[in-house]
Each structure stands twice: as C-alpha cells, then as structure tokens.
**Student:** 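This is the structure I have questions about; it appears just below.
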Amino acid sequence: MESILFLIIFPLLTGVALLFVRNDSIRRIIVRTAAFLLIIASILISVRYFDSGLELSLHKEWINYGMVAIELALAVLLIAISIKHKKYLPILLVIIQTTIINWYEFSYSHEVEIHADIVIDRFSLIMILITGVIGSLICVYALKYMEDYHHHHHEIKDRRNLFFFLLFVFLSAMFGIVLSNNLLWMYFFWEITTICSFLLIGYTRQDIAVKNSFKALIMNLFGGFGFAAAIMYLGYVVEIQELNKLPALAQSGIELLIPAVLLAIAGLSKSAQMPFSGWLLGAMVAPTPSSALLHSSTMVKAGVYLLIRIAPTLGYNVAGILVMMVGGITFFLASLMAITKSDGKKVLAYSTISNLGLIVACAGIGSYESIWAGILLIIFHAIAKSLMFLSVGTVEHSMGSRDIEDMHGLIIKLPAMALMMVIGIAGMFLAPFGMLISKWAALKAFIDSDNILIVLILVFGSASTLFYWTKWLGKLVAVLNKYERIPAKLTFDEWVSMGTHALLTVVVCFIFPMIGNHFIEPYLNTQFAQHLGSVISDGNIKIMSLMLGMVLLIPLGLIVFVTLKEDRIVTSYMGGVNRGDNRYFTDSKGQAKHLYLSNWYMEKYFNEARLSTIGNITTSAVIIVIFFMALGGVL
Amino acid sequence: MAGSMMSVLLYIFLGPLVGGLIAGIDRKISARMQGRYGPPLLQPFYDVLKLLSKESIAVNGIQNFFIFCFLIFIIFTGSLFFMGGDILLVIFALTLSSIFIVLGAFSANSAYSSIGAMRELLQMMAYEPMVLLTAIGFYVVTKSFNITDIMSFETPLVLYLPGIFLGFTYILTMKLRKSPFDISMSHHAHQEVVKGITTEFSGSTLAMIEIAHWYENVFLMGFIFLFFVWKMPGSWIIGIIACILLYFFEIVIDNASARYKWQLAFSSSWIAAAALGFTNLLILFLMK
Amino acid sequence: MVDKQTIIEVKVDELVDKAVLMKGQGYRLVQISCTYKENFEITYSFDKDYELVHYRIHVERDEEILSISQIFFSAFIYENELKDLFGVKIKDIAIDYEGGLYRVAKKAPFAPQNKEEEEAKHV
Amino acid sequence: MSFLKKSPWIIHYDGTSCNGCDIEVLACLTPLYDVERFGVVNTGNPKHADILLITGSVNEQNKDVVWQIFNQMPNPKVVVAVGICATSGGIFAECYNVMGGVDKIIPVDVYVPGCAARPESIIDGVVKAVEILEEKRAAMTKKRKMAKVRRVSGPVSLSNMF
Amino acid sequence: MSVLRFSGYIIKNLFQKPATSMYPLKKQKCFDRTRGHISIDIDACVFCGMCSRKCPSGAIGVDRQVKQWDIERLKCIQCSCCVEVCPKKCLSMKNAYTAPSVGSVKDVFHARVPDNQPNS
Amino acid sequence: MSKRTIVPFGPQHPVLPEPIHLDLVLEDEKVVEAIPSIGFVHRGLEKLVEKKEFTEYVYVAERICGICSFMHGMGYCQAVENIMGIKIPERAEYLRTLWAELSRIHSHLLWLGLLADAFGFESLFMHCWKLREQILDVFESTTGGRVIFSVCKIGGVRKDIDQDTLKGIVAVIDKMQKELKELTDVFIEDYSVKHRLVGVGVLTKQEAHEVGAVGPMMRASGINQDMRKLGYAAYKYLDFEPVVENDGDCYARTLVRIREIYQSMDLIRQCAAKMPEGEIEEKFKGMPSGERFERLEQPRGEVIYYVKANGTKFLDRVRVRTPTFTNVPALLKILQGCDLADVPMMVLTIDPCISCTER
Ligand code: NFV
Ligand code: SF4
Ligand code: SF4
Ligand code: SF4
C-alpha cells in the first residue's frame, strides 16, 4: 500500500542524486532510467488501483512534523532570497502563511479526524498518468535541450544539476498534490511547487528572470495564502481536513461558501487565471523544458486539478459563479491576446492561460457534463501543449529563433519538426482532435447549464483560437522551393520524447471514449449521485473517428499526390515583377527586393495592454465582489 | 438510415448541379441588374469543364493537395448535414474544410494568396461565432443538435429564432463570398488582393474550388432551409421558397454595396452575432 | 489676351535661395523642365494665384546641383526624371530612385549620346 | 466536346499604350458590349486566364513583365495584341524606349488593328482567339496522348518536389 | 446616408431590356465620320509619295517605279493625315474597320489593276 | 523577426487598368511604406519632335493619352499658336471647349466607374460606363473616333458640328443628367460607399499645397484654383466657378468630380447656346520660334505644355507636365498609413493616368 509513496519519494531521491551529478553521461543515465521507471510505475499503479482505488491513512506524527520542518526551512530560504533581492512583499506573505498554517497545525489539526491522507480514484489516476508520462518525457527531453542551451548561452552559468534537481522535485510535489487527500499535505506539496517554480523561473539569474520569478512567487504565495486560510476555516468551522469530504458536505447543504471561495482563489492563482495570469507569461524566460513542465502537466494543472476536485462544491453557490466568470473572461481575453503575439512561446503561454480558463469555467459550472469536459480538456491540453513546447524549443535551437515568423516554410527547412508542430497545433484546436472534442462537450455543458453568457464567451473565444492557431499553421506549411533544409540532428532523447507525445496526441483522440467510460464517468458517478453516461453520443463518436481516419490519411494522400502530380512549376504571382525564384521582385528602384509575408497581428485591434487591463479589472472585481458577498453571507 | 443514405447520395450527385445552376442564375440576374445581357445560364458549368481541360500549373508540389482535401471535406460536411447528423459536428467539419483552403493558399507562399489567406481566416473568425450560435439556437429550441430532430420540430424555428436568423443571414453573405463581404476573394469586381486565396490555383484545382463552393452553397441553403421547415408535411416547399427569396436578396446585396474593409466586416459580424444572437438566446432562456 | 512669359535666369548656386524665397511667399512648385542646348537648361516654375514665375539655370554636363526636394517635396519626382532622362547630376533628393524611375533602354536619352550629337547641339 | 470555346477568360495587360485601347478593352466588359455573353471574364490573374490581351507596345521596363505574365498562364493560351501600338508600335515605333510590337517578346496569335481598337474589333479578335485556342488545345491533347513517358524525370520523392 | 441605396435602381434594371448591343449578332452602328480604314482610288493616284512621307506611323509605301501603292493595315493609326495631304484627293477614310488578323496585312495596289482590289 | 509584409503591387494588377507599381510594406493591412514606381509606359514621345514636323506632332500629342487625348492635342496646338501669334476663330474656340468639356464628362465617368470597381461595387461600375457610352457616341459622330479624335490642328479644328447635331448633344446631356443623378446619389449617400471613402486618405489644404497637388485633388482639399479661369479657348466667355470641397478625403475628391460632371454639362449647354457662326480654322504660314509654357485644365488638373521652337519645322523641345505626374507626391503622402484595401482607392483618387504621367 505504502508503495504508492514511491511516486513521491523516488523522484525526490532522483532529484537529490542529480543535484550532485555534474557529469553529463551519468546524468543522462540517471534521468533516462528514472523517467523510464516513473512511466512504468505510473502505468502499473494505474492498473493496480484501477478497480479498487485506494484510501490510505498514515497516522504518523513524524510525517507531519517533517513537513512542518521542511516548510519552515523553505520559508527561511525564501525570506533570505527575498532579502537578498530587496523584495519585501513575499516576506510578508511567507510569514503570514507560515504562521497561519503552523498555528493551525499545532493548535487544532489534531482534533480533526483524518480518514485518509492519500486517496486514489480514477481522476487521480489520470493525473498520475499525465504527470508520470508527460513529466518524465519532458525531463528526458531536457537532457539534450539544456546541453544545447548552455552551449548557446554562455552568459548563463551552467547549473544543470540544480535544474534537474528542481524538475524532479517538481514531479515529486506534483504527485504529492494529486495523491493527497489530507489538505495539509496537499498544502505542503502545493507550496513546494510554488518554490520550485520560483527557482526554475529564476534559473538564469538574469534581471528579467529574477523579476519574473518574484512575480510568480508573489502571485502563488497569494494563492497559497488563500489555501491556508481555507484549511483553517474548514478545520475550525466545518471540522474537516479532507478533500473528498467536500462534495458530500456540499450536497447535504452545509454552508461551504467561504472555503470554496478561498480554495478557488488558490486554484485560480496557480492556474494563472486573470488577474494572476501575469506570472505565467513571465515564466517564459525560463528554459523551455521548465515552461513545458509548468504549462502542460504540472503547476497550472495543479490549480485546475484542485478546482475540478472542488467543482461539485462550486456548482451550488456564488463561488461557482466566481470561478466560471474568471475562467470565461480569461479564456476569451487570453485567446484574443494570443493573436497579437509572434513569439512562439508567448502564443503558447496565452493559449495555456486561455485553455485553462476554459477548464476553470467548466469547474465553475460544476455540473456532471462540464466536469466531464474539463477533465478531458486537462488530458488533451497536457499532451498537445507539451508537444508544442518541446517542438518550439527544438526549433529554437535549430534555427536560433522561436519567432513564428521565422518558422515560415518550416515544412521545408525542418520537416520533422514541422510535422510535430502540425500535429500539436491540430491537437490544440482542429476538428477531430482532442481539444475540439472537449470544447464541444464544454459547449454542450454550458448550454445545458443555462449559462448563456459563458456560451457566448465560448463561441467568440474559440473563433479567436482558430485564428491564431491557423495562422501559425499557415506559416509552417508555406512552401518555397528555394529554402534550404536546416541540418538538425535530433537526438534519441528528443525523438523519443516528442515522438511519444505526437503519438499520444493522436492515439488519445481515438481512445477518448474509453477514457470517458472508464476513467471520467466512474469518477463523476461517485461525485454526483447519479449516472449520466457519456456526453458525446456514440454515433457522433463514430463520425469523429471517421473524420480522424480521414485526416490521418492525409499524409499518405500527400505522398501519392506528389508522386502522381504532373504540374508545371511556375513562379508565383507578383504582378509581373518576379525575379525568377519567388523570393525576390523588382522594386520601384529597379533593384531586387525580398518578398516577405508576415502574418497579421492586429496589435491595434487586440491591444495586449488594454485587454489585460480590462481582464484584470473585471476579474478582480468579480473576485472582490464575490469574496465580500461570501463574507457578508457568513457574518 | 436508408432515407438518410439516399439524401447523402442525392447531395453528392445533385449538389454540384444545383449549386452550379444557382451560380448561373446568380450571374444572369446580376448581369441584368447591371444592365447587361449576361452569360448563358450554364456558364458556370462551361467554366468548370474548361478548367478541367487546362494544363495544370502550380507554384509548388503540395498546394493543390490542400484544395483536394478542401473539396473532400466540404463534401463530407454536406453529407453529414444531409444525413441529418449532429449540427455541431457539421460546423466543425466545415471549419476543418475551410482551414484546408486557407492552408492551401498559405502553402503557395505567394503575396496575394497569403494575404487572401489571412483575410479568409479573419472572415472565419468573424462568422464562426454566429454559425455556432445558430446551432445553439436550434438546440435551445428543439433540445437537440440532431438535424433530423431539428427538422421535425412542431413549429417553424424562425418564429423562435428571428434574431438568430437575421444574424445568420448577415454572415451568410460572407460565406457566399458576396459583396460587401468578399474580402478574401471576389468572384466579380476586381480587388486589391487580385484573386485572394485562389490567386495561385488554376486549371483543375481551381475547378475543384469552384465545385466545392457549389457544394458549400447548397449546404448553406440547407441551413436556411432548417429555419423554415417543421413537422408539417409539405413545409419543405416553404423552406425552398424561403431559400430562393433569401438568395435573391443576397444577389441584391451583392450588387448594391461596396466591399467592406476587414475592420468593419469583422466587427460588424461580431456585433451582429453578439447583439442578435445573444438577445435571441436570452429571450429564449427567459421564456423557458 | 496671351500673357507674357518671362524667364528669370539665375545662377546655379542661387537656386536654392530662390526656392526658399518662393516657398516663403506661398508659391507652389509647378514644374521643372530641362532642355539640352550646349548645356542643361533647367527651368523651375512656381505658381501663386494663376501667376507663373520661372527660374532658369544652366548646368554643365558634369556639374552636380543640389536638390530642392527638401524645400518643395514634390520636386523629387521631377529631379529623378531629369536624372534618368537627361543625366543631370542631382544630389540629396528626398526620395532618390537612383536611376530607377524610368528604366530606359539607353541611358539619358535626351542628352546627346555621342560626340557627333553633342556637336550638332552646339550649333 | 470542348468548353474552352465557351469560357475564354482573359487577362489584360497594358503595355505602353496611350490608354485608348486599354479603356476600350475595359469597355468591352461593360453593358453595351458585354463580352461576358461569350463567357469572357476579366480575371486579372495570369494563372486563371486563357487569353492575354495586350494593349500598347513593349518597352525596356515592361518587357519582363509581359514575359512573366505570359509564362505564368496555363496552356493552352493565346495572345491578342490590341491596337496598333501592340501590333507594330504604331506612331511610337520610333521612340527611343519602344521596342515595337508585342511580338518582339512573346508570340502573338491575333492582331487587332485600330487606333484605338474599337470594342467591336476587340470582340472579333477574341472570337478569333478562341478558335486558335481550340486548335491549340486539340494539339495539346494529342501531344499528351502521345507522350507515354511522364514529364517528371528522375526518381520522385517528397523532398525533391518542393 | 442610406443602406443599399442602389437596390431600387438595379431591380428596376433587372426588368428592363439590357443595354447590350448584341454585336456580332447585330451589326455595329457606324457614323459617317467614323474613321475606319483608308481606301484609295488607285487610278487617280500619281504616286507622288506625299502620303507616305507625311504618314506619322509610316504605314504607306509608294513606289513610283512600279506604280505601286501599299498600306500596312497593322501600322495605320487612322489619323486621316494622308487623306488631307494627298494632292489628288484619291485617298478616303471609310467607316468600316479592318478585321483582326493572325499576321501582318499589307494591302498592295497597282495602277492599272482594273477592279481596284487588293491583290497581294 | 519583423511583422511586416513586403509585397509588390502591380504593374499588372486587376484594379489598376494601367501599369503602376508600388512597393508595399504592410503591417497587417496597414501600409507603413509605399514607394510608387512608374516607367512601365514610358515611350519617350517628347523626343519625337525631333523626327516629326511640328504640324504632324499633333497626332503624337493626342496619343499621349487616350482619356484626355483631346486636350493634349488642343494644349499643344494652343502653345504653338501662341508662340506663332495665331488667333484662332471664335467658333473653333467654342468647338474646342465643347469637346474638352465632353472629354471631362467622359473622363470623370470613367473614373467613377473605376473607383466603384476598386471598392468592389461592380454594378455601379457597369452603370457608370454604360452612361459613358453615350458621350462616346457623341464623339464618334462628331469626330469619327471614340477615343482619339484627330480634330485639333494648329490654327483651329478639322471638323465642324452643325446646328442639329449640337441640339442633339444637348438633348443627350439632358437625358443623361437624370440617369446620372441616380448613380451619383449612390456615391454620395450609400453607407457602404461612404464607409470606403469618408475620412480615407486625407490630404489637408496645407499638405495639398506643399506637395503641389493639382486639379480635383487640390480642389477637394479646399484650394480654389482651376486653370480654365485663365480664360483660354472659350472659357473666357463662359460662366462657371471652380468646384471646391474642404475635407480633403477620398469622399471629397469624389464629390468634386461628381460636381464637375454637372458643371461640364452646364458649360456644354452654354457653349451650345453661345456658339457663334463662322470659320473653324485659321490658315497660317511660317515656322514657330520662341518658347512658351501653356497651362490648361485637364480632367485631372493642370497640365503644362512647354514648347521651345527654333524657327525650323522641327521643334527643339516639347515637354508635357501632366497632372498625374505632379500628383504622385500627393499619392505618396496619402498612402502612408492607409489600409491595403484602401490602396486602390488612394491610387484611384488621384485619378491616375499613367500614360500621361510617363509619356
Ligand atoms: N494625367 C493626365 Fe491626362 C488628364 N486629365 C493629362 O494631361 O489623362 Ni490621361
Ligand atoms: S493604338 Fe492608338 S489608341 Fe491604342 S494605345 Fe496605341 S496610340 Fe493609343
Ligand atoms: S490614316 Fe494616318 S496612319 Fe493611316 S495611312 Fe493615313 S496617314 Fe498613315
Ligand atoms: S499622296 Fe495621294 S497621289 Fe500622292 S501617292 Fe499618296 S495617294 Fe497617291
């Protein structure tokens, strides 16, 4: 039973080991082996606990004290770093939080009865699989990436041992979050992810990195503060300290508004929703594997994980409206802002924020259908987004730029990477692929829950999503006969990592009905006392699969087409002033001028600063109003 | 099942015929409105058959393939529609197919086809919300996304969805590529982006685009049809009459307006969607 | 009825001053034209209230003159024309086409192409 | 049955014309002459066109343009030189920058005389062009049938197609 | 400001007869003054060459030796200059147009060819 | 990397009947830089004076352009006549004015049509050109050509118009005016048209003066200047005021041209009413000697003929400074910051005539 702790302890140990390894090949062996073991372990555990689930209680005082000790140590560490960089807000937040939680821990927590510190249900299994598989693959990918990274950036000190240490600790903490049922445990791991992300973002120690890392720290600490407050409230007032008790309590009509709001704030900040979205954009300064980790499988997913967990609680009160509104607004505005970006990672960041907004909105609605959709979104997003990050990272290292404009004609320059990206992008928004299926389910859920405003936001938001993804896709497929192939040597690690991702993106689309039947629905049945079955009908699934089949035939068709074609190749249309090779035309002065085709960014129209101000103000207003409503309702 | 199979087959075989004929009538009527005699009624067919016999030229090896996919998926979309499938799925398939033509234009990597592709994308972004809202409107009234169910509702849907109908008509102009919304490619008047997305396509590929548009137009008329048919047998006549009238109205609009710039095209269709669609839905919810 | 037209001859280096003067008095540049007769005979015409004022300079073939396009922006197009069709050397043109405004088969077609033509003009 | 005859699409390029012929070509499209009766569409895009109508002669600067446009048209295609300028350079033949008729640069199939060419003449010219187009198409199909070997030589793979 | 201001007019046009002249089904209308092509009364010509010298585009050729007068139809710009300068007034401008051709057209006239037809 | 699109625009382009080329640098669709290029129509016909006699050169002059052909012939003749001191008969002056104003109507109608085509209003284009045909019929019946008239000669005109035809012309004008009203109202009132024109491509009065714009371009920016006021030909006998608008945008330029059509119709009526009897041509002898700048108001604005004669039958130099040529700097100015969709609008509102520009 305790074997489950392997998931937490093993990555931790690996991380510690890596901290002391400075030799590349040893590190490679350790990381590969650890990743392999983690993947196997996640799968085995899923199989093992698929039917039975697990409720494990470890009445071990020393664990709690250990946690307290670590927490205090980390608090001291944070304070020290903050003092060093002359940042005082984090100090304040750290102190308040640590005080609250310790005070609660020592004064009251003994009186709350804990049935299970660790609970595994089908939802946890999904999260374990995501973290285990995607997270490990990212770590493997990071091996080569970081090597190149330091090769390119001599100004940055090589602290790869620390980097890999953090990656694995992160995984460990993430497993901790999804396994914990005891809120105090969860809080512990939650804070660890905060600190890890803080350190990862600040990895390069450049000014901008430091600045952004503190931004992330402050926002996450703020959320952590909400978490701590919620724990305290729950412990004192409701006398529970377990996550899985919440839905039942909510259904029995116990007033849970305040903790719901507080937990929601924690979840929103971690999942980078407006007004907290700033940290995630800032996190882009970190090396790509850490972005991939933060944005796809861990960190932000921890936020939505919490929200989905408490979703049944949210559905009953204004906290639900809070979450729904914040999610909805974030979804819409972030996808509009993504339109204005040409930096590949920035687009991915906005898209992450936006997609998480959708998941958050699903959680906020809190109905059977919406949670169904939300969980599906988590899965598909994790895979496809991770794939995108990794591809962008590799492309950046191959061409020296991650700007989408520079990816013009990637299909010629780096066909393999272009293919990866095409799969990733298709996975993010295109018809028979995952995200779209989930969006479809979400749409249905929103309509059925009569939240017409959210429906409206969804339709407009997905239209904008379509815009920025397709224009990226367009850049990739632009074909110019004269482009040179860029010699890119993908290492085995990269291949394995990205290849698996790509494969998963496609495979999961085929098996999503099974995921629905065997993972999501059983979980929802326990949460809601009724059985509603699949959100998407069988007939439609069949048609979807047919479509998917058709789409998958495209590469094959392309090869046949290209082989059979008999086109006469001519120059492209330039009003007659071609210079022969489609790249140059004769300009007004009679000289050769380079044709350049840029995408649209409409910066005036979807002004980033303006939209984010609007978003931050409205979401803050929503949060504040509802927070005080909650307070008022209680007082 | 057999019935729906039948209508799919009918669509696949008659679709282009009807679509081409509509195009022919359109051209004739437009010509008369312009005080000209106009081309023969069957001109669109002559054009396509001619295109098929031309030499095929291309800028690169793969651009034409995307168009092939475009055609296939348009047919797929229409078939799904006439099969009586799920209307949301139909819309997703439609989006997918439209993306193929955009990608085709992008892949040609030529000045005007790329700009046309960006404009086409913008148009897609502009009309997509309204199309989805239409489906949602159907769902809210009939409790089903299934086209067969939608068609057998007990009253004509337009009575419940007048706002959505107007909104849909608004963006229909865009889908039919008619002025004032022919910003990505114009059939008639000349344009700053030459032939927009179709600039680099010629010969049989252009013919494919043309045929795909015919299919698409027929299928779009199907959408209009949905607003006007109900359970009553024989109501399909009303539906068809409505389609004819609406198409005529579109021709008038086409011939009586200048081309909008993208800013207006985009914002007006979003505003139309938000205002008309939203109000209509809101009223429906309140009535519930 | 027919108005008298006087053409004021000025020195090459006075031209810019004259242009500034004209600008100050609210004239607009109407045209710049050139004829080759032993040397370039360039006429600058300005207009105000239907009244034309012409300044003429004589420029040798290899002499370089200053553009007035900094004063009258629209001069750039005339000056580029002079450059391409006559081969007048003009520097500091606001938008200099560098000989690409008219891409003609033979350079400076309005200027004599060879010795004989040159002599013919001198008669 | 060939449909080229029924749907000749034109592209119009104005060489160094005086505009006279140029606007007469445009006038052909307008209500009084309405060449769309014959299925003519002014595509403005060489890749869609069957007939290249050129007004005006060619000069140093536009000779490449004319050639490019001609080259970007799919076969079968015909060139119609409209107006005296296009046929021979006309009154400008002696100008230093006029190379002469369009046939100096690309093969011309039909010459439409007139200064300016009357719309009726242009219509006649197009009708004549359509006949030639038809002949060319017939020749093309014959050639295509005869060519047993594929035009693309060498091994075909995805990479060398781009 | 009005929307679709033009719709009334075009709908009216829809039900009117189109303005199209239907050439070539119907014959083109010609005016007396229409400048179509040059024709010559070769018998009156004295082959002085005046027309040839004055023709701005050099379309006319005159050979006094063999008494030949010819015109390149694809060079003539219908300016009527030759008509004006001909001392014998044997040239005239007719209002019918030269038909399009597939190659250059040179109409040659010789004196004493009885029926005044081109015989190139 | 840059978010700027760099594309060529023209010379072969469906919205540009004539070849002009622009190097466009765009951000999205916003034009951030546009450099026009001409020279695709450059023939070098000014140099033909060395090969054609000055009397024959009229044929060349009127083939500078097929749209404003008549006034090119007339301007050239006028310049030579003034050098030689020839006073042409009054009837010839009236006839010239009549044809000049008819040309203006035809040119403006042509332009309105092209403008409509450029903003995607095909049916409006068709109707404008349909109307224009009536004017062309008048041309053909009076001069023998639809485009190139060949009626101007040094010393007068070649062809006379008899009284019946004159009445017929006025009748045509009257009939046209009614139909024209329907079309111009669309330009003036229709929402979609105004969307494309109002506030687009603004050239302020100050700018118009600085860049030396001429013609409707200048008058739409509030500068009151019209070369017809110089009183050449029969304008000195006629009663008219230059058409001026103040907004300086595409809409104002459209309004100016529309109002000028009506103005021209009025001038034609005045001509027909006041036309004196008499000769149409003044015989002259000798060769010109001297130089002269002659200014006329073409449909597109002030044109200048510079003629330098040396007493032989071959002139030293003819230079035609055409309105479009001077309007190119103005075009440059208004292109900055417009949208790609506006580019044809911008190019068209200077009413470009490239063959005039490049000669
Ligand atoms: N520019 C110009 Fe002209 C005019 N109006 C004239 O001189 O058109 Ni062709
Ligand atoms: S043939 Fe005559 S009308 Fe035609 S372009 Fe040449 S000069 Fe102009
Ligand atoms: S009409 Fe003119 S061009 Fe024709 S032959 Fe006579 S003079 Fe020559
Ligand atoms: S000018 Fe008259 S008479 Fe002399 S050659 Fe010519 S046609 Fe004959």
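Source: prediction; values computed, not measured.
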**Student:** Counting heavy-atom pairs closer than 4.5 Å to chain E, which one of Ser30(B), Gly35(B), Ala258(B) comes out on top?
**Tutor:**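 Of the options given, most contacts go to Gly35(B).
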**Student:** Taking Leu4(E), Ile11(E), Leu14(E) one by one, which has the highest count of heavy-atom pairs under 4.5 Å against chain B?
**Tutor:**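 Top count of heavy-atom pairs under 4.5 Å with chain B: Leu14(E).
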**Student:** Does the ring centre of Tyr260(B) sit less than 6.0 Å away from the ring centre of Phe266(B)?
**Tutor:**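 Between Tyr260(B) and Phe266(B), which both carry aromatic rings, the centre distance is not below 6.0 Å.
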**Student:** Between Ile253(B) and chain E, which part of the residue has a heavy atom less than 4.5 Å away: side chain, backbone, both or neither?
**Tutor:**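 Both parts, backbone and side chain.
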**Student:** Consider side-chain contact (heavy atoms from CB on, under 4.5 Å). Of Ile224(B), Leu157(B), Leu276(B), which one does Phe165(B) pass it with?
**Tutor:**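 Option passing the side-chain contact (heavy atoms from CB on, under 4.5 Å) with Phe165(B): Ile224(B).
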**Student:** Is NZ or CZ of Lys28(B) both nearer than 6.0 Å to the six-membered ring centre of Tyr37(B) and within 45° of the ring axis?
**Tutor:**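 Yes, Lys28(B) sits over the ring of Tyr37(B).
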**Student:** Ring centres of Phe227(B) and Phe138(B) under 6.0 Å apart?
**Tutor:**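 Here the rings of Phe138(B) and Phe227(B) have centres that are less than 6.0 Å from each other.
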